[in-house]
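Scroll down for the structure; my scribbles are underneath it.
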Amino acid sequence: MKTVEAMKQFENIFGAKAEDLFTAAGRINVIGEHVDYCGGKVFPAALNLRCNVYGKKRGGNKIRMAFRGIDGIVEIETDKLDTYKYLKIGNYQAGVAYYLQEEGIDIVGCDLYYDCTVPFGSGLSSSAAIEVATAVTLCEYAGVPYDKVHLALISQKAENKYAGVNCGIMDQFASAMGKKDHAVLLDCATLQYEYVPLQLGDYCLVVANCNKPHNLVESKYNVRRQEVETALKTLQTALNVTCLAEVTPKQFNEVKYLLSGVVEKRAEHVVMECDRVNQAVKALKKGDIVELGRLLNESHYSLRDLYEVTGKELDTLSALARKEADCLGSRMIGAGFGGCTISIVKKTAVEGFIRRVGKAYQDSIGYKASFYETSIEDGITVEKL
Ligand code: GLA
């Protein structure tokens with residue numbers, strides 16, 4: 001939805017009115033963490049927190065970009081798109097433009113104002129929202145038809161190869177393909193997907209940010225990827241599998257003696273988390289929210305003890321949530337090391353939950369957590385202004 005403030009900003013900065021609004025979503029992930037790059041199933045949903053791109057097509061070879069809350073304009077030239085990797089702001093956009101151009105799409109000069117309401121570094125995928133919103137903007141301005149799944153793949157490529165973060169497909173897929181009031185059960189090995197209504201009865205999801213300062217998440221993430229690749233190579237000497245997600249818990253127990261140390265722990269997380277996704281989707285379809293909550297807790301413990309991507313802040317936040325009588329389960333989401341948790345909380349108890357958990361978190365950690373009002377919305381939207 002457009003805001004008057006952003007429209008004014010656009011006009012002040014670029015001296016003409018914005019003509020279009022393209023948006024893509026931030027996401028949560030109900031369950032299935034750190035399995036997308038292992039060919040597993042994930043279960044994300046698109047949020048009302050979004051990257052909104054106000055645009056005007058200008059022609060020529062310059063893309064001018066401005067950003068809410070940041071002074072100045074970043075300008076990139078469409079004939080030099082391979083030269084902007086160093087940009088602190090604008091590199092995701094340049095990467096997306098670069099890979100679209102590589103596919104033969106004519107990247108057209110335009111003015112863009114980014115109003116991103118996905119908090120940065122929160123584990124809610126602000127980067128995917130920026131990439132996907134940029135991809136749709138540039139395709140619309142090029143006047144070419146596009147497939148949303150393909151835009152998600154291009155966006156992932158930009159993040160992997162241009163920004164250097166070896167992420168899986170979950171975030172970009174959810175950002176592009178999310179559906180109002182549904183979670184997307186996505187098989188990351190085949191990209192087959194199914195929309196499942198996210199109906200929690202008397203309960204709802206509360207999203208909380210632990211607000212831990214962002215620190216080396218990308219490099220730690222890339223290390224985890226290497227560890228599971230090592231695990232897969234070793235297990236392939238005994239099992240006929242193409243990815244870790246194909247290994248069943250039973251098979252894993254039979255062959256895990258081949259692994260040791262952190263590599264064994266990482267692989268065990270992936271195998272068990274994939275199993276939990278199937279159980280969670282079954283529980284949700286049956287309306288068994290208690291069971292869903294239990295699985296969320298198990299997921300968190302596994303990310304804490306086996307995958308080791310939580311940390312004191314996320315552990316504290318989710319443990320405090322779990323102590324609440326009206327909370328059925330809580331876990332970290334996204335890459336981890338900081339960022340957000342989701343908790344299943346009785347609708348009538350949300351206010352007290354936020355107050356008590358917020359206070360206890362601040363008492364224990366020394367700074368505040370943030371709680372967001374979220375709803376589940378569509379992925380990409382396109383609007384003429
Ligand atoms: C980040 C990545 C995703 C996924 C999650 C963990 O959000 O971008 O691809 O791996 O971490 O599930």
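Keep in mind that what you see is a predicted model, and the values were worked out from it rather than measured. For ligands, and for the atoms within them, numbers begin at 1 and follow the listed sequence. When a residue number appears, it is its place in the shown sequence, counting from 1.
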For the residue pair D315 and T310, confirm or rule out a side-chain donor-acceptor distance under 3.5 Å. yes
S302 side chain to S299 main-chain N or O, any donor-acceptor pair under 3.5 Å?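 No; zero donor-acceptor contacts below 3.5 Å.
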What do you reckon, is [atom1] of [X] surrounded by more than 12 foreign heavy atoms closer than 6.0 Å?
X: Y193; atom1: OH; result: no
X: K347; atom1: NZ; result: yes
X: K180; atom1: NZ; result: yes

Co-membership, hydrophobic cluster, residues V184 and L205, 4.5 Å side-chain: no
List of N/O pairs, ligand 1 versus protein, all under 3.5 Å?
| from | atom 1 | to | atom 2 | distance (Å) |
| --- | --- | --- | --- | --- |
| ligand 1 | 7 (O) | R27 | NH2 | 3.1 |
| ligand 1 | 7 (O) | D171 | OD1 | 3.4 |
| ligand 1 | 7 (O) | D171 | OD2 | 2.8 |
| ligand 1 | 8 (O) | D171 | OD2 | 2.6 |
| ligand 1 | 9 (O) | D36 | OD2 | 2.5 |
| ligand 1 | 9 (O) | G168 | N | 2.9 |
| ligand 1 | 9 (O) | Y221 | OH | 3.4 |
| ligand 1 | 10 (O) | D36 | OD1 | 2.7 |
| ligand 1 | 10 (O) | D36 | OD2 | 3.4 |
| ligand 1 | 10 (O) | Y221 | OH | 2.6 |
| ligand 1 | 11 (O) | A335 | N | 3.3 |
| ligand 1 | 12 (O) | E33 | OE2 | 2.5 |
| ligand 1 | 12 (O) | H34 | N | 2.7 |

